[in-house]
2 protein chains.
Amino acid sequence: MSVPAAPAVAVDVAVLTVHAGALHVLLVQARGGPFAGWWALPGGRVREAESLEDAARRELAAQTTLRGIHLEQLFTFGQPERDPHDRVVSVAYIGLVPDPGSELIADTGGKYAAARWRPVSRLPALAYDHAAVVRLAISRVRAKLQYTNLVYTLLPRPFTLTELQSIYESILGRSLDRRNFRRKILSLGLLRSVDRTRRGSHRPAALYVFRSRRPRTVAVL
Amino acid sequence: MSVPAAPAVAVDVAVLTVHAGALHVLLVQARGGPFAGWWALPGGRVREAESLEDAARRELAAQTTLRGIHLEQLFTFGQPERDPHDRVVSVAYIGLVPDPGSELIADTGGKYAAARWRPVSRLPALAYDHAAVVRLAISRVRAKLQYTNLVYTLLPRPFTLTELQSIYESILGRSLDRRNFRRKILSLGLLRSVDRTRRGSHRPAALYVFRSRRPRTVAVL
DNA sequence: GCAAAAGTGTTCAATGTACACCCATGC
DNA sequence: GCATGGGTGTACATTGAACACTTTTGC
């Protein structure tokens, strides 16, 4: 492969979700290049006529079953040695999706190797500088969780306050007082109560949805 | 000029400072390209073997007298239409420097047209999407001022608490209570008192310096 | 009736905000 | 002695943290 006279541009996406009480990231298996066979973040080269975010969505669609998810730019990695063969500047994105539930494998079934959700606490060695990308993505999400309404991207359907709190706890890595959490969250006016309830082997819980599904900055915690 | 098959990579730097109680940004006059004659942020193409930050420093050195300043990555702008001729993805950086005082013009005197400090409240039309870059830079600095010790980049020499407060007020665009500001700032332990004082037509003021000149996150305000 | 999670209130500590007076200097 | 900014302390409001008991359901 020839070395271009100027850096090439790529995008990489760290798609995060909370599943079974743990933060997970979506990994794909690299099929070619210097890291063939390694686990990596989905991503690829940016084309001539598309925006960076469009490139991220296109690569996600090609390598996974994810469509229309929440994306935000994270950081641009441009160390000359980050790709041992080419000079590639990579614009990293964070993706956030609701709990995939039992669909733990996102797979397009053909051209690309299967994508897999992996808990961030036990990641395999990653290609390129993708370990650093994941670390930065986690710390960014942790921070933004506290001063924005970002969680809404992880909870599309009606949810109980306990479920909401559990997402905060999984990402922040610490437990929160249930009573204080409920009071604080409700006082922000971000939630709207739905008249249905969720039943279990115990008292039914009230369900809520987010009033607005647009990014907004609010002091949540 | 031929359109390359893939996006090119550039860096642009919004260098900010506080001068005479107002936030200023450093502009240069574009000499060629689609925006010849327009005011723009200093910047240029990234070369094969340099990191993004190195490219930013190299371009700053070529177009201004600034060396060794505080730089941090802001955002990467990659809309296909942001440059009407080429497809250029631009990694924008924020630069922060102390008050240049009477040296209101940074000039290398040769290859490039003079660089000038302009108050951000009265900017001329800017080339490319540089107006958006400046807006984003300002809002980022405003935010980071409140939860980091970022100000130290604007005050290299001993300063009075009033000078420090005035910088906060200029950037935040609101006035702060002098007594509360002093108490809060001193309680953080970021400052070290120097035994000298600054004299004027009034009571001499104690001088301080920052204990550490490394980025750190602290709730300042 | 018992287990399990839902729901609710109060107390205390810490932090932020508003505000008024004396001090040291130059002229 | 007066104008100018420097320096300090106190009262009140707001916010966050800790904490215990009652309620509703399934089994």
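Letters go in sequence order (proteins before strands), and every chain restarts at 1.
- Side chain of B:Arg199, nearest nucleotide from D:dG9, C:dT25, D:dA20: C:dT25.
- If you look at B:Phe159 and B:Phe210, their ring centroids are closer than 6.0 Å.
- Rounded to an integer number of Å, the gap from A:Arg174 CZ to D:dA18 C1' is 15 Å.
- Salt bridge annotation for B:Glu72-B:Arg140: absent, with no cationic side-chain nitrogen under 4.0 angstrom from a carboxylate oxygen.
- Of the side-chain N and O atoms in A:Thr162, one or more sit less than 4.0 angstrom from OP1 or OP2 of C:dA6.
- Every side-chain contact (heavy atoms from CB on, under 4.5 Å) that A:Thr153 has, sequence neighbours left out, goes to A:His70, A:Leu96.
- Between B:Ser201 and A:Leu186, it is A:Leu186 whose nearest contact on DNA chain C lies nearer the 5' terminus.
- In this structure, the separation between CZ on B:Phe181 and OG on B:Ser166 is 9.5 Å, given to the nearest 0.5 Å.
- D:dA17 atom P lies 13 Å from atom CZ of A:Arg179, rounded to whole Å.
- Listed candidates were C:dG16, C:dA24, C:dA6. Nearest to the side chain of A:Ala205 is C:dA6.
- Partners of A:Tyr93 by ring-ring contact (aromatic ring centres under 6.0 Å, His included), not counting sequence neighbours: none found.
- At a cut-off of 3.5 angstrom, the base of C:dG7 holds at least one donor-acceptor pair with the side chain of A:Arg178.
- Between B:Arg182 atom CZ and D:dG6 atom P there is a gap of 7 Å when expressed in whole angstrom units.
- Residue B:Arg183 is in base contact, counting any heavy-atom pair closer than 4.0 Å across all strands shown.
- Between C:dG16 and B:Lys184, a contact under 4.0 Å exists linking OP1 or OP2 to a side-chain N or O.
- The distance from atom CD of B:Gln165 to atom C1' of D:dG6 is 12 Å, rounded to the nearest whole Å.
- If you take CG of A:Asn180 and P of C:dT8, they are 14 Å apart, rounded to a whole angstrom.
- Distance CG (A:Asp177) to P (D:dT15): 18 Å, rounded to an integer number of Å.
- In this structure, NE2 of A:His202 is placed 11 Å from P of C:dA4, rounded to the nearest angstrom.
- Taking atom CZ of residue A:Arg203 and atom P of nucleotide D:dC27, one finds them 18 Å apart after rounding to whole Å.
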